[in-house]
Each structure stands twice: as structure tokens, then as C-alpha cells.
Amino acid sequence: MKHPAPALLPPLTLEDKIHILTEGAKYDVSCSSSGSARKGKRGGLGDCAPAGICHSFTPDGRCVSLLKILMSNECIYNCKYCVNRRETDLPRATLTPREICEITIGFYRRNYIEGLFLSSAVFSTPDDTMKRLTETVMLLRTEYCFHGYIHLKAIPGCSPEWIDLAARYADRMSENIELPSSAGLKLLAPQKTKESILSPMKRLAAISEKSLKQNGRSKILPAGQTTQMIIGATPDPDGVILRLSEGLYRQFALKRVYYSAYV
């Protein structure tokens with residue numbers, strides 16, 4: 001007896017993808033006011049004020065004036081603290097760089113947003129993921145002439161060349177430290193290493209410092225970098241967490257360390 005073939009699910013619409021990928025981005029709290037100044041240019045869209053564009057936050061940390069979205073929530077990693085981890089049974093979606101640009105400009109023209117917070121799960125390799133994120137912000141700046149605020153995530157383990165290129169187009173970048181200790185990282189995110197996380201942060205700090213020395217102010221990555229630490233997933237005491245935060249501020253000149261409660 002032949003069993004009927006399983007019914008095929010209808011393809012996701014763009015609206016479906018936006019819903020899935022904005023929902024997946026809401027747990028990243030490492031964004032705040034811009035700290036960046038850029039005048040709009042004739043023929044372009046938007047500008048950026050140093051007073052900041054993100055003053056209103058929802059309870060889960062979303063900045064209401066930013067389009068806060070993932071490029072993809074399909075992840076090759078299985079970090080136990082992450083809702084988008086590989087083993088989680090949830091709808092998956094991926095947007096192309098062009099789709100993200102069109103969504104961003106469309107929302108901006110409707111006065112829904114003033115800027116973009118773009119992150120992604122690592123859906124293939126760190127380099128390929130960072131490459132597509134970088135392509136997106138390059139398209140926004142060069143083809144769509146978007147001069148508004150852009151906060152871009154750096155992907156752990158990607159090549160420094162992609163970090164260098166992305167920093168030329170973003171106002172702010174962030175790379176999440178994730179957990180307060182190497183032991184916690186090994187326990188909950190064994191596919192990541194301390195070095196793969198710290199390398200992009202070191203690179204971004206060096207880029208900002210070099211630009212500051214050359215220009216008197218940082219023209220590259222003018223709003224600097226931030227990070228996020230998950231609290232409560234491991235038994236690390238407050239002293240360890242605070243000493244780590246102080247070290248990050250001193251070593252990488254971070255604008256802010258954000259703390260996210262483990263759920």
C-alpha cells in the first residue's frame with residue numbers, strides 16, 4: 001500500500017521572512033544611540049545625528065527606531081543559550097543582501113525607521129556569512145545612497161579582511177563576547193573559541209585607533225564598537241563579570257558592554 005506523499009509547505013513570503021528574522025534578532029541587546037554624525041547628501045537618503053536615534057526600547061531590548069533584523073536564522077552552531085541554535089525546532093528563513101536593502105529603504109521611506117541593525121546566524125561559514133553582511137551594507141551605502149545609521153555585527157572566526165571592509169561602511173559594529181569565562185564557553189558553545197571571539201574585537205579597536213590618529217576623529221567606524229554578555233547561564237560570580245567588562249573597556253575602547261539575562 002502506497003502512503004500519500006507529505007504535503008509540501010507553501011514557500012515563505014517576504015512578509016513571513018521579515019517576521020521570522022526580526023523575531024530572531026530581538027534577543028541581541030547590543031545596540032543603543034548612534035554616537036555618529038553624518039550629513040545627508042543631495043540625491044541620497046537620510047543622515048545621522050550624534051545625539052542618537054535609539055531612545056525608545058521595548059522590554060526585550062529592541063530599539064524601536066531601528067530595523068533590527070537577521071540576514072538568516074539558519075545556524076551551523078548549537079550554542080545552548082541561543083534561540084536560533086541548530087537543534088531548535090523553529091521556522092527558518094534567509095534574506096539576500098538585495099532583499100535587506102529593499103526592506104530597509106522601503107521602511108525608511110515610510111518613516112518607520114531611521115537606521116539598520118543587521119546581524120545573522122552563521123548559516124554557512126564565518127567568512128561567507130560576513131561576506132554577505134558586508135555586501136549588504138556596501139550596497140546600501142553605494143547603490144542606494146543610504147546615509148542613515150548602520151550597526152553591523154561581526155562574525156566570530158571570519159577573516160580580518162572582511163572586518164576591515166565592513167568597518168568602512170558601518171557606523172558601529174559589535175561582536176558578542178557571549179559568556180564571562182572560557183569554561184562557560186566550552187560548556188555551552190564548544191564550537192566557538194575565546195580567540196575567534198576576541199580577534200574581531202581587537203581588529204575593530206585597531207581600525208578605530210588608527211583612524212583617530214590620522215584624522216583627529218574616527219572616520220572609520222565613527223560610533224565605535226559594543227559587545228553583549230549573557231548573564232545567568234553559568235555560575236560566574238559578579239566580580240569575574242565586572243573585571244572582564246573593565247578589561248574590555250580598557251583594551252578595546254568599547255562604547256558599552258551590554259548584559260543580557262539568560263532565558
Could you tell me whether Arg141 and Asp171 have a side-chain N and a carboxylate O separated by less than 4.0 Å?
-> yes
Within 6.0 angstrom of Glu87 CD, more than 12 heavy atoms from elsewhere | yes
Heavy-atom closest contact (Ser174 atom, Lys153 atom, distance) | OG-NZ, 2.8 Å
Just by distance, do the side chain of Gln191 and the backbone of Asn78 share a donor-acceptor pair under 3.5 Å?
-> yes
Is Glu209 salt-bridged to Lys213, cutoff N-O under 4.0 Å?
-> yes
Judged by atom type as modelled, is there a donor-acceptor pair below 3.5 Å linking the side chain of Arg256 to the main-chain atoms of Thr226?
-> no
Side-chain polar contacts of residues 160-167 - donor-acceptor pairs under 3.5 angstrom, sequence neighbours left out - could you list them?
residue, atom, partner, partner atom, Å
Asp164, OD1, Arg203, NE, 2.8
Asp164, OD2, Arg203, NE, 3.4
Asp164, OD2, Arg203, NH2, 2.7

Tell me which donor-acceptor pairs under 3.5 Å the side chains of residues 118-126 have, and how far apart each pair is, sequence neighbours excluded?
residue, atom, partner, partner atom, Å
Ser120, OG, Ser72, N, 3.4
Ser124, OG, Asp128, OD2, 2.7
Thr125, OG1, Asp128, N, 3.0

Does Arg172 reach the main-chain N or O of Gln225 with its side chain, forming a donor-acceptor pair under 3.5 Å?
-> no
Taking every heavy atom of Arg132 against every heavy atom of Met71, the minimum-distance pair comes out as O-CE, 3.5 Å
Between the main-chain N or O of Gly106 and the side-chain N or O of Arg110, is there a donor-acceptor pair closer than 3.5 Å?
-> yes
Could you go step by step and tell me if Ser196 and Thr193 meet the side-chain hydrogen bond (donor to acceptor under 3.5 Å, both in side chains) rule?
-> CA-CA 5 Å; Ser196 71; Thr193 65; 3.2 Å; yes
Look only at the side chain of Asn84 and the backbone of Gly24, and say whether a donor-acceptor pair between them is shorter than 3.5 Å.
-> yes
Does the Asp127 side chain pair with the main chain of Ser159, one donor and one acceptor, at a distance under 3.5 Å?
-> yes
Classify the angle between the aromatic ring planes of Tyr108 and Phe146 as parallel (below 30°), tilted (30 to 60°) or perpendicular (above 60°).
-> perpendicular
Distance-only, no hydrogens or angles: does the Thr22 side chain make a donor-acceptor pair with backbone N or O of Ile18 under 3.5 Å?
-> yes
